[in-house]
Amino acid sequence: MSDDNEQGFEQDGLEWVQADEKDDAFQPGSGSGQAVVPASDSLPERVYLLPIHNRPFFPAQVQPLVINRERWEETIRRVGNTPHHMVGLAFVGETGVEELSHEDFPEVGTAVKVHKLQGEDAQLQFIAQGMRRFRIQRWLSKKPPYLVEVSYPREPVDAEDDETRAYAMSLINGIKELLPINPLYGEELKHYLNRFSPHEPGPLTDFAAAITSAKGPELQDVLATLPVIERMQKVLPLLRKEIDVAQLQTEISEQVNAQMQERQREFFLREQLKVIQRELGISKDDRENDVDTFRARLNDKVVPERVMERIDDELDKLSVLETGSPEYGTTRHYLDWLTSLPWGVTSDDQLDLAHARKVLDRDHDGLKDVKERIVEFLAEGTFKGDVGGSILLLVGPPGVGKTSVGRSIAEALGRQFYRFSVGGMRDEAEIKGHRRTYVGAMPGKLVQALKEVEVENPVIMLDEVDKMGQSFQGDPASALLEVLDPEQNIDFLDHYLDVRLDLSKVLFVCTANTLDSLPPALLDRMEQIRLSGYIAEEKMAIAKHHLWPKLLKRDHIPKKRINLTDAALRQVIEGYAREAGVRQLEKQLHRIVRKAAVKLLENEQQTIKVSVKNLEDFLGAPTFRKEKVMKGEGVVTGLAWTAMGGATLSVEAGKVHALDRGFKLTGQLGEVMKESANIAYSYVLGHLGDYGAEPDFFDSAFVHLHVPEGATPKDGPSAGVTMTTALLSLARHEPIDRPLAMTGELTLTGQVLPVGGIREKIIAARRSEIFEVILPDANRRDYEELPDYLREGVTVHFASHYRDVAKVVFG
């Protein structure tokens, strides 16, 4: 381009100035405002190229551009040495300058005229005036500075065509609609109106595309489209999208401004209100707000006079304390508790026996005697007018439903229910509260219960009272004496509140597994209701009516997808869950549901049937096999009571050798059972002749008495009769040839003493399919009080002396 060395840009160091500012191609405001389109013969055939990255440049645009000085300084110098001062701008997208090659340039670009070139540091800035589209015909230099040979295609258009005018009017209306929404386009519109006539559809379309925020490739597609109507069809959706975005942005801005104005208005009004209240002397500080809050809580309550005096004193103290002082926080916390208690607020009891029976039958299967006992208790309350002041103790093995019975009692009465466990409690302050001598002191559990239920007569359940502990901090079991004594709890004193509370309206329900660890003084204040274990039929009903539907409902599994047969359910009860309660039964049923859920997910069309044949696929081998009653010479089945319910217990007596007399005990027996064994040995030794045995049998016999399952500790006063019978069977050389079980304690004179746990022992015998039982005659009444379904099919012999036992066993 050495021959184009006319009227260029002068370079002197870093100063760049435009030498020619009288170019005729761009005269803003000249003539009638029509676009002065340069003739084809005035446009250069060769132009230098500059790449642009963000978006393509349109012929309708006039705007400043900034380029890298180091890379494009030579290109701009050569442009400045041309008479036309024109350069080609081509959109190359996201392609980096270092990776740029001539293949990345599009075929169509825009020829622009360079005005007011300036250089600052590492950048060059100039104003680009879009002139015409060009199409690259041939590359003359494929490395910077890029030089190409171009042509300027014509844009066929008929401005008077109806379709063209319609599109043009749509574009003009879109621009007019966009202008008030986004004032940023106002300046560009002024430039456009100064340069072009609204009747020129080509520049109008280019301008409409240039003011949108469409992506670069979309705009390049518009730039490369030469037919004006087709170009309008592509630009119109872009313009409409721009209008929608601008409207949404305007709405968001208006919402934000409205919210800010509302908050500012609220802030100013609050500040003004504070000033007005301060001027009128009616403003309240935090202390006065607290005092008003505490007094408002007492409006609908009947507070005892002494308690009200204490509250008034504390409120007076609160009104003079500084809000930031620690004592203020302590006093406020104390008043918060005092005013939150339900002074004089009670709920009406629903003493309807039919409703109570309905609730108990709905929630529990079996437990007929327990239900009747509860109904009797409610009937007594009907005549008395209330059931407050009573303390029920539900005693039974784990999993028999003690806690749920307590909840059913509350529902039957229509009272609020609150439960907390005292198992493992070692601090008496948990019952009677901490003294207000340190930060963090709290009232006891009973005060917390009254605050939560908001009435003075709830049902409060004390769970696991047999598992309370003792430590250096106190004895919580002794602290319960004041709570559970109807003569004392009318004036219960909590150490934190330091005022008297009336707990006489509360119905206390306690639960325990055994009574051994309860202090006699505490046990004396309770009314005992025993919940024994369930027999297989009761477990079947509980599983079908409660456990199985609850598990399916909890896991959202349709009942039709899993079918558990009655035979399989009975096998689960007898082979996997023989405990007195139903908790283990629920766990086994849950195992079945879990494994069935996996199969249902693997095959959504499958319906699973759980039967005896495939039960082991779900639960594995049975934990309990069907036990055969041990038989043989010197073998007798006894009945025992444990914390887990009743159980059968075999006793074996055997002759080890005949060298000398001796007696040995095994089976990890406790002291009481060891005494029973020695008494049994002594009694048999002295009365062998009376019971048809050789009188000198034990003179030369070393006898071993064993209770199987030796790893399990065994103790209790109910095995004397069983051990005596085992020794007598050994001495008579006569085994017991039928299923027979017995229980009872023996004295040295042969008297049979009564024992406890008759219900549990009968259940254990039925579970082992033993239907002939020997009981102490003193337990006749206990047996007769058992429900009919437990006594059905059972033959019971009552014995007052061991002669009665021997007569039944040996005839």
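Just the heavy atoms: all of them, side chains too, but no hydrogens, waters or symmetry mates, feed the values below.
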List the residues meeting side-chain hydrogen bond (donor to acceptor under 3.5 Å, both in side chains) with [X], not counting sequence neighbours, and say none if there are none.
{"X": "R530", "answer": "none"}
{"X": "D485", "answer": "Q488, R525"}
{"X": "K467", "answer": "E464, N513"}
{"X": "E652", "answer": "none"}

Got a second to check how far I762's CD1 is from L639's CG, nearest 0.5 Å?
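Going from CD1 on I762 over to CG on L639, the span is 7.0 Å.
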Residues which pass side-chain contact (heavy atoms from CB on, under 4.5 Å) with K613, listed by chain and number, not counting sequence neighbours:
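Result, side-chain contact (heavy atoms from CB on, under 4.5 Å) vs K613: S611.
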Quick one: list whatever passes side-chain contact (heavy atoms from CB on, under 4.5 Å) with D566, sequence neighbours left out.
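Once residues adjacent in sequence are excluded, the partners of D566 under the side-chain contact (heavy atoms from CB on, under 4.5 Å) criterion are M540, K544.
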Can we say D244 and K241 salt-bridge, meaning some charged N sits less than 4.0 Å from an Asp/Glu carboxylate O?
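Looking at K241 together with D244, the answer is no, because their closest N to O distance does not fall below 4.0 Å.
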Do [X] and [Y] pair up side chain to side chain, a donor and an acceptor below 3.5 Å, judged on atom types alone?
{"X": "D617", "Y": "N614", "result": "no"}
{"X": "R554", "Y": "H590", "result": "yes"}
{"X": "T511", "Y": "D463", "result": "yes"}
{"X": "S340", "Y": "R297", "result": "yes"}

Against the six-membered ring of Y496, is K432 placed for a cation-pi contact (under 6.0 Å from the centre, within 45° of the normal)?
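No, K432 does not sit over the ring of Y496.
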Quick one, N457 with S347, criterion side chain to side chain donor-acceptor pair (under 3.5 Å). Give me CA distance, side-chain angles, the key distance, then yes/no.
CA-CA 7 Å; N457 60 339; S347 60; 3.3 Å; yes
Counting only heavy atoms not in D348, do more than 12 fall under 6.0 Å of its CG?
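Atom CG in D348 is not packed in, count stays at 12 or less.
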Identified side-chain contact (heavy atoms from CB on, under 4.5 Å) partner of C510 from the options L484, V395, L394, L480
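Checked L484, V395, L394, L480 against C510; only one passes side-chain contact (heavy atoms from CB on, under 4.5 Å): L484.
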